[in-house]
Amino acid sequence: MEKGTEDGVAAMAACYQGFDPVSYLQYNYTAPRADFERQDSIVPWKLACLHRAFTEGDVSGELLVDVGSGPTLYQVLSGCEVFGKVLLTDFLEVNRQELKRWLQDQGGCSLDWTPYLQHVCKLEGRRPSAWTEKAARLRLVVSDILPIDVHCPRPLSPDALPSAGADCLVSCFCLESVSPDLAAFTRALGHIRGLLRPGGHLLLIGALGESYYLGGPGVKIPVVPLDEAQVCASLKESGFTLIRLEVYTLPQDMRVGVDDVTGVFFVKARKD
Ligand code: SAM
Ligand code: HNT
């Protein structure tokens with residue numbers, strides 16, 4: 001790594017030492033951003049994109065890897081029905097611990113995922129009360145919660161994946177919020193591409209036009225502000241073929257002062 005890049009990456013890692021899962025969940029995963037009664041709320045939009053992507057028929061295989069899971073589970077609620085094995089990953093131990101508490105079902109979780117599970121059951125045409133079955137399915141298929149660093153050419157430990165690679169990757173709000181600049185974002189995309197088998201799919205969700213977000217009270221984390229054209233160019237440059245890009249524009253009342261995000265993109269792409 002070049003010196004300037006190395007410093008930028010180190011500065012991001014230092015920022016993340018202040019990340020607080022409880023605040024982050026509160027800021028982004030409660031109403032108004034997660035309002036299941038509203039058609040135009042962002043979280044239901046993300047869940048619908050993921051549901052569609054996993055049920056179109058082209059995404060299949062045995063192993064799904066979620067890159068930079070953070071303290072959240074919503075991003076694997078559809079995929080856990082399609083894949084027999086799901087790996088969750090994050091850079092921070094506090095986030096891996098949060099996920100572990102949910103998986104072990106022994107209490108102490110910072111967010112109740114029930115409305116999320118119920119909502120995705122509805123998308124799947126099941127009764128909302130089937131949420132307990134979905135929770136059990138997710139606990140069954142998540143085989144591990146591993147450390148990851150997308151700035152490393154090999155982001156996971158060498159024995160974490162079968163040599164062929166994963167069949168599918170999902171990654172939400174990770175790469176742009178851990179990269180010091182656009183070049184690092186594109187490079188990180190290339191690094192995670194190495195985790196995927198040829199022909200495997202990437203489902204990528206991220207922030208548009210965002211220059212910072214709060215990882216906790218007073219913890220301002222810089223973000224690479226992206227536009228749609230830059231997302232497409234980075235994908236191409238790092239060896240992905242775009243299948244679909246969708247954009248959600250944040251309504252005024254969802255701009256709640258925890259970041260300056262203006263929109264959210266959803267990408268379905270393939271590694272050739
Ligand atoms: N995926 C979750 C979501 O959709 O809300 C969390 C996204 S959060 C904005 C960014 C995550 O990236 C944090 O959980 C953080 O710990 C993780 N992270 C920080 N540095 C990273 C790195 N170098 N490699 C991979 N993940 C990193
Ligand atoms: C995290 C990113 O659902 C914007 C927005 C939502 C969820 C997570 O860069 C971090 C995040 N949302 O609206 C954002 N900031």
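Keep in mind the model is a prediction, meaning the values are calculated, not measured.
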Would you say the side chain of [Y] lies within less than 4.5 Å of the side chain of [X], judging by non-hydrogen atoms?
| X | Y | answer |
| --- | --- | --- |
| Leu50 | Leu77 | no |
| His51 | Phe54 | no |
| Leu189 | Leu175 | yes |
| Asn28 | Val258 | yes |
| Thr89 | Asp66 | no |

So, for [X] and [Y], which heavy atoms are closest and what is the spacing to 0.1 Å?
| X | Y | result |
| --- | --- | --- |
| Pro180 | Gly8 | CG-C, 3.7 Å |
| Phe240 | Arg193 | CZ-CB, 3.5 Å |
| Arg244 | Ala53 | NH2-CA, 4.4 Å |
| Cys172 | Tyr74 | CB-OH, 3.3 Å |
| Cys80 | Val141 | CB-CG2, 3.8 Å |
| Asp35 | Pro44 | O-CG, 3.6 Å |

Residue pairs passing the side chain to side chain donor-acceptor pair (under 3.5 Å) test where at least one lies in residues 157-172, sequence neighbours excluded: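 As it turns out, the side chain to side chain donor-acceptor pair (under 3.5 Å) pairs with a partner in residues 157-172, which skip direct neighbours, are Ser157-Asp159, Asp167-Arg197.
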Under the ring-ring contact (aromatic ring centres under 6.0 Å, His included) test, residues paired with Phe83 that sit two or more places apart: none
Shared hydrophobic cluster for Tyr213 and Val219 (ILVMFWY, side-chain gaps under 4.5 Å):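 Same cluster: Tyr213 reaches Val219 through Ile, Leu, Val, Met, Phe, Trp or Tyr contacts under 4.5 Å.
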Hydrophobic cluster membership, Leu242 vs Leu203, 4.5 Å side-chain cutoff: yes
Under 3.5 Å, is there a donor-acceptor pair between the [X] and [Y] side chains?
| X | Y | answer |
| --- | --- | --- |
| Ser78 | Glu81 | no |
| Ser211 | Asp260 | yes |
| Glu98 | Ser110 | yes |

Glu237 vs Arg187, side chain to side chain contact (heavy atoms under 4.5 Å, CB included): CA-CA, chis, key distance, verdict: CA-CA 9 Å; Glu237 200 181 322; Arg187 214 176 303 116; over 6 Å; no
Closer than 3.5 angstrom, by distance alone: can the side chain of [X] be matched with the main-chain N or O of [Y] as a donor-acceptor pair?
| X | Y | result |
| --- | --- | --- |
| Ser177 | Cys174 | yes |
| His191 | Val150 | yes |
| Lys134 | Leu117 | no |
| Thr262 | Leu208 | yes |
| Gln104 | Arg101 | no |
| Ser60 | Gly57 | no |
| His119 | Pro128 | no |
| Asp90 | Gly70 | yes |
| Glu228 | Val247 | no |

Arg154, CZ atom: more than 12 neighbouring heavy atoms under 6.0 Å: no
Glu93 CD: over 12 foreign heavy atoms closer than 6.0 Å: yes
Ring-ring centroid check Tyr16 Phe91, cutoff 6.0 Å: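 No, the ring centres sit 6.0 Å or more apart.
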Whether Phe36 and Tyr116 hold their rings parallel, tilted or perpendicular, with breakpoints at 30° and 60°: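 It falls in the perpendicular class, over 60°.
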Electrostatic pair Glu56:Lys268 at N-O distance under 4.0 angstrom: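 Judged by the 4.0 Å cut-off on N to carboxylate O distance, Glu56 and Lys268 do form a salt bridge.
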Side chain to side chain contact (heavy atoms under 4.5 Å, CB included) assessment of Arg139 paired with Asp105: CA-CA 9 Å; Arg139 289 186 171 110; Asp105 201 11; 3.4 Å; yes
Step-by-step ring-ring contact (aromatic ring centres under 6.0 Å, His included) determination, Phe265 to Tyr248: CA-CA 6 Å; Phe265 68 87; Tyr248 170 97; over 10 Å; no
